[in-house]
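Following this message is one structure expressed as structure tokens.
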Amino acid sequence: MPDLLWFVIRRLFGAALVMLALSFAVYLVFYAIPADPAHLACGKPCTPDRLEQARHFMQLDQSAIQQYLSFLKGIFAGRTFGDGAAAVHCNAPCFGYSFPLARPVTTLILDRLPITASIAIGAAILWLLFGVSLGVVAALNRGRLLDRLSVGVALVGVSTPSFLLGLLAILVFGFWLNMVPVNGYVPLTESPVDWAWHLITPWLVLAVLQAAAYIRLTRAQMLEELNLDYITTARAKGAGETRVVVTHGLRGVLVPIITLFGLDLGFLLGGAILTEKVFSMQGLGDLLISAVAQLDVAVVVGVTLFSAFLIILANLVVDIVHGVLDPRVSHG
Amino acid sequence: MTTQSVSEELLRLKNVRKYFGLPGAPWRQAQAVKAVDGVNFVVRKGETVGLVGESGSGKSTLARVATRLLDPTQGSVEIGGVDVTNVRGRKLRPVRRKIQMVFQDPQASLNPRQSVGTILSTPFRAQGIRPTRAQLVELLQQVGLSEEHLERYPHEFSGGQRQRIGIARALSVKPDLLVCDEPVSALDVSVQAQVLNLLADLRDELGLSYVLVAHDLAVVRQVTSRLAVMYLGTIVEEGPADQVYSAPAHPYTKALLSAVPVPEPGVERDRIVLTGDVPTPIAPPSGCPFRTRCYKVQDVCATVRPVLEPVHGSTEHRAACYFPEPPPPERTR
Amino acid sequence: MAEPVLEVHDLHVTFTTEGGLVPAVDGIDFSVAPGETLAIVGESGSGKSVSSAAVMGLLPSNAATTGEVLLDGRELIGLPNDELRKIRGNDIALVFQDALSALNPYYSVGWQVAEAYRLHHDVSKKVAHRRAVEMLDKVGIPDAARRVDSYPHEFSGGMRQRVVIAMALVNDPRVLIADEPTTALDVTVQAQIIRLLDDVQEEFGTALVLISHDLGVVAEVADDVLVMYAGRAAERGTVRDLFYRAAHPYSLGLLGAMPRVDVPPKPRLTTIPGTPPSPGSIRTGCPFQPRCAYTHLVGERCITERPELTPRPGEGDHEAACHLGRRPEALL
Ligand SMILES: Nc1ncnc2c1ncn2[C@@H]1O[C@H](COP(=O)(O)OP(=O)(O)OP(=O)(O)O)[C@@H](O)[C@H]1O
Ligand SMILES: Nc1ncnc2c1ncn2[C@@H]1O[C@H](COP(=O)(O)OP(=O)(O)OP(=O)(O)O)[C@@H](O)[C@H]1O
Ligand code: SF4
Ligand code: SF4
Ligand SMILES: [Mg+2]
Ligand SMILES: [Mg+2]
């Protein structure tokens, strides 16, 4: 166990460094963009005076390095923009302040996260179940009808763009059949049933799309696994076919699946941009898109960093699960 | 070179060590696999030397250091009396002419997309020579194949034939010394015999010297004139093959030989069954590397590693042991 | 000789492949009695492993098996999978050549031994675990109670093979089929494993079928020997029959081709010219004919008529499948 702890600490330290570099890069990119956020903030008749004021208030008159350092400082100590009665506080951990939305970025992200998380996690569970079970079925029925069918589903899934399938689903189930709501989000705490009901279409759409890769991977991995000597050993011990497949075969299949799963989930949590757009849900993806449109640098940087953090975290979790699943992997 | 040397020296390894680093955590002490740990080894013209030992004892690593495929961590490699330890790149070409290697897996060591003709001419071209067809055919004939095989591809051959191609390729530059790493262990008994006979013929006809690396002691006995036994990266015994085989002096050699089954049902043999496994080459035992499994171990064995010293009154036969086995009665002088 | 526990009569195994039908095993007979050891020898591809898999009913679905496999007189071929499952690992157990790949890397060695026990005994995990420790101890794993939770990759080759043997013996099988159990091991470890198998056989009266191409090992442990060539029996008899009175040119060739460690070498090894045939390439006549040095003494018959196993006059159960009818060594 202490080995594992060391491993986690080292990885988190590495992650912090990556995020630091990333945040700097993002800052530089936005600094290089000619458009001026202060321009938007200063309103329609924008006198040079007011523009200068807005710049100063938003601390955009500082050098890039200075801005970046204030950003870093804000994470640990919080930040205050302007002074006196007009001052705006952003409490630690402050990942920036959105002037267009007049809210700290941290609050914005935390507000939107439940929506994105609901979509991503629900879909992830579905596609993992679909993908792995269909993949196993395909492998066990290699060359027969069920196999062809699963592989066909996988092919369709892999080659369909998500917005197309999403729009189709909304059209069919939402408008034509009038079975499910076409948009909107109800918090889980308000009504779990409504929550699930509103999410079912995006879940299914995402699951069908993602399951494809899982079907293929599971099938290929399982076929390989079933040829291994220890599978024959299990049969020779007198294990039934179910036990052979589930207990002895699936374990080795899960290792690459978990890797893929962690990465996919990390990306989705970071903002399933298209899905949220299609289903008109105000999650992180939606937040990011509007922020880009409004040149809301603070939010863009915040969401980007947050997504990166989730992906790095997912990677770490994948590696730990890997170590738990496969005793040969040591966290040295 | 010394004046009294009986015959020309083809290969000399001086105090060679080869450690492989293991990746470790920064706060942990770096670990090293001591694959070869202080070996002196000489091959003279006309000799066929067997290098035996159990899996992981460092045989292949030593063979690769000797053929300059690996750089030694310490020590020097002399080929044909010239120190080539630090010779690299293009300058190695003339060295490669003198010493060639044959690998265990005939399947993996031949490029499947090259015809036999192309495979055989590669070493020539590496020397800047364009071989004639007659030269290639002669090579094939030396290993018992014929001209019709020149245009074929490796997959069209059996395992034994592929190994012959591997040997022919090594012979193409007319080396003085051939280092064969487990040349027959992937082959069936009947095919193995064919390749062993071929090696014997090449020795007799071309005056070729070779080092035969193998774990099968019977195979080695068939074709070698001298034997070196490795254990945990060191040579624990060496000498003329007939002397080592008939009267092993090191307890490990004795146990190893006694463990080889003999095809004579009903004949009871004294067998020394060693207990336990070979220790890890990351942390070999102090003193004598064999002491954890030795049936003659004493306190002194844990102190300083014994060095190779002449045994049985012969200058050629040497063993690294404080308590070597006595010579058989008829050979005592 | 005691009543045989396992009898195999006229066993044929044919694979359906893209290249056509492959008769991997083409009519072989053998039997073993409790406490006895039968060795099956032959070169790569001669059908040794396929025969053992056929006895266990472990062949892939593209294999067709005919003939009789009798365990205590009960026919196993054609038995439903459920019935076979109760026999596998319980009455007949298998030990593979490569212990590393025969063990599941994802489970501890103790779990794997315990699983073999629980598949045939309705006991708690705890009891099975205790039994596993007992077995590991019996096969000479030092400090078994502690090592029981180790994973296969933490063991050396010899220890892994001991684990596989423990797993095979945990249900006190009547028949143990060991397919090249020592080929992957060093000689000193091989000697340990051979001694272990010997002890086990003595203690439990297990019938042992030892598959090997190492004639030295065979000489040491076998009572009876079956020599296979191209899916057929070339010779069958006691171990002394084979080593001192070999009756088939192929057996003789094998013996001559084997280098020996205990006597000064002959100048040249006897060789068998050519290479073993691929199964199915020989349809009529003697499968060994293209490589046989004695065929000229017989003539046409070797090409036209397939030799069957025939008893050697005055030599008990010693049989050879050769038209020569006399001991070959005296003839050349
Ligand atoms: N490239 C490498 N990196 C790290 N360790 C290595 C490397 N090559 C060899 N070793 C280690 O060095 C030791 C000696 O290996 P080597 O292959 O020389 O043994 P060997 O005597 O040829 O054994 P075998 O009979 O199995 O071929 C082993 O412990 C091996 O694991
Ligand atoms: N699943 C399969 N499909 C088609 N042919 C097969 C299959 N399994 C085995 N064979 C063929 O059956 C023949 C006998 O194979 P088997 O594994 O029994 O040989 P063996 O005597 O055990 O050899 P080795 O010493 O190499 O283990 C081989 O020619 C092989 O190619
Ligand atoms: S030195 Fe000691 S431990 Fe080593 S082989 Fe000799 S007697 Fe055995
Ligand atoms: S039957 Fe003929 S070919 Fe076959 S082994 Fe006997 S002599 Fe040789
Ligand atoms: Mg090697
Ligand atoms: Mg086999």
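Below, chains carry the letters A, B, ... as their sequence lines are ordered, and counting in each starts from 1. Source: prediction; values computed, not measured.
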Item to check | Side-chain ion pair, C/R245 and C/E235, N-O less than 4.0 Å | outcome: no
Checklist entry - Is any NZ, NE, NH1 or NH2 atom of the basic residue among C/R268 and B/D201 found under 4.0 Å from an Asp or Glu carboxylate oxygen of the other? => result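 Salt bridge present between C/R268 and B/D201.
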Checklist entry - Using non-hydrogen atoms only, which part of C/V221 is less than 4.5 Å away from chain B: side chain, backbone, both, or neither? => result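 Neither the backbone nor the side chain of C/V221 comes within 4.5 Å of chain B.
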Next on the checklist: Only pairs of heavy atoms separated by less than 4.5 Å count here; which of C/R240, C/Q190, C/R195, C/R260 has the most with chain B?
Outcome noted: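 Winner by heavy-atom pair count: C/R260.
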Item to check | With B/E147 via salt bridge (Lys or Arg N to Asp or Glu O under 4.0 Å) - residues at least two apart | outcome: B/R133
Item to check | Choice from B/A255, B/S55, B/A241, B/A200 maximising heavy atom contacts with chain C below 4.5 Å | outcome: B/S55
Next on the checklist: Given heavy-atom pairs under 4.5 angstrom as the criterion, report whether the side chain, backbone, both or neither of C/T270 touches chain B.
Outcome noted: backbone
Next on the checklist: For the interface with chain C, which of B/Q161, B/H215, B/Q194 has the highest count of heavy-atom pairs at distances below 4.5 Å?
Outcome noted: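 Highest number of pairs under 4.5 Å: B/Q194.
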Next on the checklist: For the interface with chain C, which of B/V262, B/L274, B/L217, B/L196 has the highest count of heavy-atom pairs at distances below 4.5 Å?
Outcome noted: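 Ranked by heavy-atom pairs under 4.5 Å with chain C, first place is B/V262.
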Next on the checklist: At a heavy-atom distance under 4.5 Å, which candidate from B/L187, B/V191, B/V260, B/V278 has the highest pair count against chain C?
Outcome noted: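 Option with the top pair count is B/V260.
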Item to check | Top contributor to chain C interface from B/S258, B/G160, B/A259 [non-hydrogen pairs under 4.5 Å] | outcome: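 That would be B/A259.
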Checklist entry - Between C/Y151 and C/H153, how do the two ring planes meet: parallel, tilted or perpendicular, split at 30° and 60°? => result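 C/Y151 vs C/H153 ring planes: parallel.
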Checklist entry - Given C/I40, which of C/D179, C/V225, C/I211, C/L210 fulfils the side chain to side chain contact (heavy atoms under 4.5 Å, CB included) condition? => result C/I211
Item to check | All side chain to side chain donor-acceptor pair (under 3.5 Å) counterparts of C/Q192, not counting sequence neighbours | outcome: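 Side chain to side chain donor-acceptor pair (under 3.5 Å) list for C/Q192, sorted by chain: C/R162.
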Checklist outcome for this item: Note: vs chain B, highest number of non-hydrogen pairs under 4.5 angstrom among C/P264, C/G158, C/G157 is C/P264
Checklist entry - Of the backbone (N, CA, C, O) and the side chain (C-beta and beyond), which part of C/P267 lies under 4.5 Å from a heavy atom of chain B, both, or neither? => result backbone
Item to check | Interface moiety of B/V189 toward chain C, non-hydrogen atoms closer than 4.5 Å | outcome: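 Both the backbone and the side chain of B/V189 come within 4.5 Å of chain C.
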Checklist entry - Would you call the rings of B/H155 and B/Y153 parallel, tilted or perpendicular if under 30° counts as parallel and over 60° as perpendicular? => result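 Rings of B/H155 and B/Y153: parallel, as their planes differ by under 30°.
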Checklist entry - Is it true that C/E154 and C/R147 have a side-chain N and a carboxylate O under 4.0 angstrom from each other? => result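 No.
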